[in-house]
There are 2 protein chains.
Amino acid sequence: MSTVWLVDTLGVMNRDVAASKAIAMGRDAEATKRRLLDAATREFAAYGIAGGRVDRIAAEARSNKAQIYHYFGSKDGLFDAVFDAMCRETVDAVPIDPDDLPEYAGRLHDSYVERPWVQRLATWYHLERAGGGALLPVVLDSNAAKVRAVAEAQEAGRLPTRFPPAVLLGLVLHLSGFWSSNVPEYDAVVSDGSAASAAHRREVVVAAVAALLRP
Amino acid sequence: MSTVWLVDTLGVMNRDVAASKAIAMGRDAEATKRRLLDAATREFAAYGIAGGRVDRIAAEARSNKAQIYHYFGSKDGLFDAVFDAMCRETVDAVPIDPDDLPEYAGRLHDSYVERPWVQRLATWYHLERAGGGALLPVVLDSNAAKVRAVAEAQEAGRLPTRFPPAVLLGLVLHLSGFWSSNVPEYDAVVSDGSAASAAHRREVVVAAVAALLRP
DNA sequence: GCGTCTTTACTAACCGGTTGATTAGTAACT
DNA sequence: AGTTACTAATCAACCGGTTAGTAAAGACGC
């Protein structure tokens with residue numbers, strides 16, 4: 001799978017070698033791959049897998065389709081690389097704090113506001129890759145570690161035990177994405193009321209998680 | 001727009017006239033439209049707008065592409081008709097009960113389990129039609145009425161006022177869809193724990209909303 | 001330092017299947 | 001006869017994927 005190949009390459013390659021190869025402008029494999037990944041991230045976030053266009057990605061990256069198929073094998077391979085890279089950048093960006101889940105949810109909310117393509121990519125993945133077999137180990141490991149952290153806090157009495165640890169974590173993650181997962185018809189209803197400001201929206205997420213934890 | 005046209009036609013047409021036209025088997029416009037809409041609902045729910053294939057829809061409906069373009073104008077027009085019909089079937093299927101929002105959320109959860117395509121269609125709509133202009137009046141009206149019901153219950157002291165009415169409604173709706181909006185990596189974490197049974201999952205939704213309302 | 005050889009990054013043009021959409025025409029009912 | 005429901009065949013554009021070929025950068029002998 002091209003995802004594995006990409007990761008191995010980046011991991012094995014010496015930084016100096018990569019740097020020495022990047023001297024001449026306009027002929028840098030790593031830079032080209034980066035541009036293709038960036039362009040593909042925007043394209044897939046906007047249009048999904050089926051709706052994303054390989055030609056647009058190549059053009060926006062100031063490259064061409066053959067490079068995409070050389071580096072990533074296929075359109076699906078390119079999406080795999082995009083999604084895998086996004087997950088690696090995301091899972092550790094907001095470390096969990098089991099002793100202050102409301103703030104944790106607030107920080108997750110912040111990260112979604114700051115990087116809106118994350119939730120869109122995850123949603124496309126959910127819809128277009130459901131039941132598609134291979135789950136990402138990096139995400140599974142991260143989730144397992146978070147569940148463990150919640151479970152320990154529950155056993156120590158620092159968190160309520162009303163929900164099993166995995167469920168509690170899921171509810172927190174789900175509430176964190178509250179403001180970026182509703183249909184436009186709902187946004188229209190809420191936009192001309194209170195909770196229109198960004199600060200207020202963050203407060204809603206924090207308060208909702210806090211309410212979830214109240215004994 | 002074909003959506004409006006469809007609604008007007010169905011609204012104006014006399015039931016007896018429609019029935020008299022449906023005598024001969026194999027040549028019934030309403031039945032053909034129904035089969036096309038049903039097939040299109042399955043297709044779009046599974047693959048989205050960009051991923052959905054008009055040929056597959058025509059074949060599955062035992063019809064042909066020309067009929068689709070005759071009745072619905074375009075692929076997008078067909079999706080509009082599908083989404084509009086789904087919304088009409090859905091908005092009133094689960095009437096809101098401001099005095100028992102946890103049970104309301106439970107019933108919404110039930111409806112999502114029973115008709116999984118509803119959330120998928122809504123998510124495709126959210127992703128592929130974001131900022132696409134025309135919001136559905138039927139959904140806007142339904143939302144506004146629900147917000148009003150929540151607001152009245154709050155003013156009467158039967159609901160906490162921690163959240164504005166529109167926000168509280170949004171949180172309830174959002175929590176109702178908890179189990180059908182997560183990426184497969186999360187499902188994998190929770191599937192081999194407790195909360196694996198359908199009854200337990202419903203309980204989680206009800207309990208989460210109840211926690212939200214606790215003073 | 002110089003010429004050439006090989007490898008690597010890149011490009012443009014193209015291919016074949018697919019897809020949304022059209023059209024001309026047939027069969028059935030009034 | 002006229003209208004309506006339907007069908008088969010076809011089209012032009014599109015799109016994922018391929019291929020043949022170019023040019024730049026390092027390797028190596030001298």
Side-chain angles (χ1 to χ4, degrees), chain A residues 2 5-6 9-10 12-14 16-37 39-40 43-44 47-82 128, chain B residues 2 5-6 9 13-14 16-37 39-40 43-44 47-82 128:
Chain A
S2 58
W5 168 83
L6 174 71
T9 303
L10 292 175
V12 165
M13 175 170 286
N14 189 318
D16 297 342
V17 175
S20 75
K21 283 194 172 188
I23 298 174
M25 140 81 194
R27 212 169 172 84
D28 184 338
E30 294 306 311
T32 302
K33 251 186 280 192
R34 233 322 13 109
R35 287 204 316 277
L36 284 172
L37 273 177
E43 178 77 9
F44 285 133
Y47 304 104
I49 304 177
R53 294 291 168 251
V54 177
D55 293 272
R56 278 201 296 253
I57 294 171
E60 175 134 352
R62 283 162 297 134
S63 183
N64 55 76
K65 282 196 288 184
Q67 294 289 76
I68 290 176
Y69 288 92
H70 174 239
Y71 286 127
F72 304 103
S74 67
K75 187 191 191 182
D76 284 296
L78 177 58
F79 180 83
D80 287 340
V82 163
E128 303 195 87
Chain B
S2 57
W5 167 84
L6 174 70
T9 302
M13 177 169 286
N14 190 317
D16 298 341
V17 175
S20 76
K21 282 193 172 187
I23 299 174
M25 141 81 194
R27 212 170 173 84
D28 183 338
E30 294 306 312
T32 303
K33 250 187 279 191
R34 201 50 283 145
R35 288 203 316 277
L36 285 171
L37 274 176
E43 177 77 10
F44 285 132
Y47 304 104
I49 305 176
R53 296 289 169 251
V54 178
D55 294 271
R56 278 200 296 253
I57 294 171
E60 175 134 353
R62 282 162 297 134
S63 183
N64 55 76
K65 284 196 286 184
Q67 293 288 75
I68 289 176
Y69 288 91
H70 174 237
Y71 286 128
F72 304 103
S74 67
K75 185 191 190 183
D76 283 295
L78 178 58
F79 180 83
D80 287 341
V82 163
E128 303 194 88

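Just so it is clear: chains get the letters A, B, ... in the order the sequence lines come, proteins before strands, and each one is counted from 1. From a predicted model like this one, the values you see are computed outputs, not experimental measurements.
For B:R53, no side-chain nitrogen or oxygen approaches OP1 or OP2 of C:dT18 to under 4.0 Å. Remark: A:S74 is not in phosphate contact with D:dG17, judged by side-chain N or O atoms under 4.0 Å from OP1 or OP2. For B:T32 and D:dC6, the shortest distance from a side-chain N or O to OP1 or OP2 is below 4.0 Å. Close to D:dT7, at under 4.0 Å from its OP1 or OP2, lies a side-chain N or O of B:N64.
Nearest-nucleotide assignment on DNA chain D puts the 5′-proximal partner with B:S63, out of B:S63 and A:D55.
Annotation: salt bridge (Lys or Arg N to Asp or Glu O under 4.0 Å) contacts of B:R53 (sequence neighbours excluded): none. Under the side chain to side chain contact (heavy atoms under 4.5 Å, CB included) criterion, A:A39 pairs with A:R42, A:I57, A:E60, A:A61, not counting sequence neighbours.
Taking all atoms of both residues into account, the shortest heavy-atom contact from A:K75 to A:I49 is NZ-O, 2.7 Å. The nearest pair of heavy atoms linking B:F72 to B:K33 is CZ-CG, 4.0 Å. Across every non-hydrogen atom of B:A40 and B:V82, the tightest pair is CB-CG2, 3.6 Å. Closest of all the heavy-atom pairs between B:S63 and B:T32 is OG-CG2, 4.0 Å.
For the pair B:R62 CZ and D:dT7 C1', the computed distance is 15 Å after rounding to whole Å. Counting to the nearest Å, the P atom of C:dA9 and the CZ atom of A:R34 are 17 Å from each other. In this structure, A:E30 atom CD and C:dC10 atom C1' are separated by 15 Å, rounded to whole Å. Atom CD of B:Q67 is separated from atom C1' of D:dT4 by 10 Å (rounded to the nearest Å). Rounded to an integer number of Å, the gap from CG of B:L36 to P of D:dC6 is 9 Å. Atom NE2 in A:H70 sits about 13 Å away from atom C1' in D:dT18, given to the nearest Å. Nucleotide D:dT18 holds its C1' atom 17 Å from the OH atom of A:Y71, rounded to whole Å. Between the C1' atom of C:dA21 and the CG atom of B:D76 lies a distance of 13 Å, rounded to the nearest Å.
Among the atoms of the strands shown, only primed sugar atoms or phosphate atoms (P, OP1, OP2) are found under 4.0 Å from some heavy atom of B:G52.
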Item to check | Test side chain to side chain contact (heavy atoms under 4.5 Å, CB included) applied to A:Y47 and B:E128, step by step | outcome: CA-CA 7 Å; A:Y47 304 104; B:E128 303 194 88; over 6 Å; no
What does the list of N/O pairs under 3.5 Å between the protein and nucleotides 22-24 of chain C look like, with a distance for each?
none

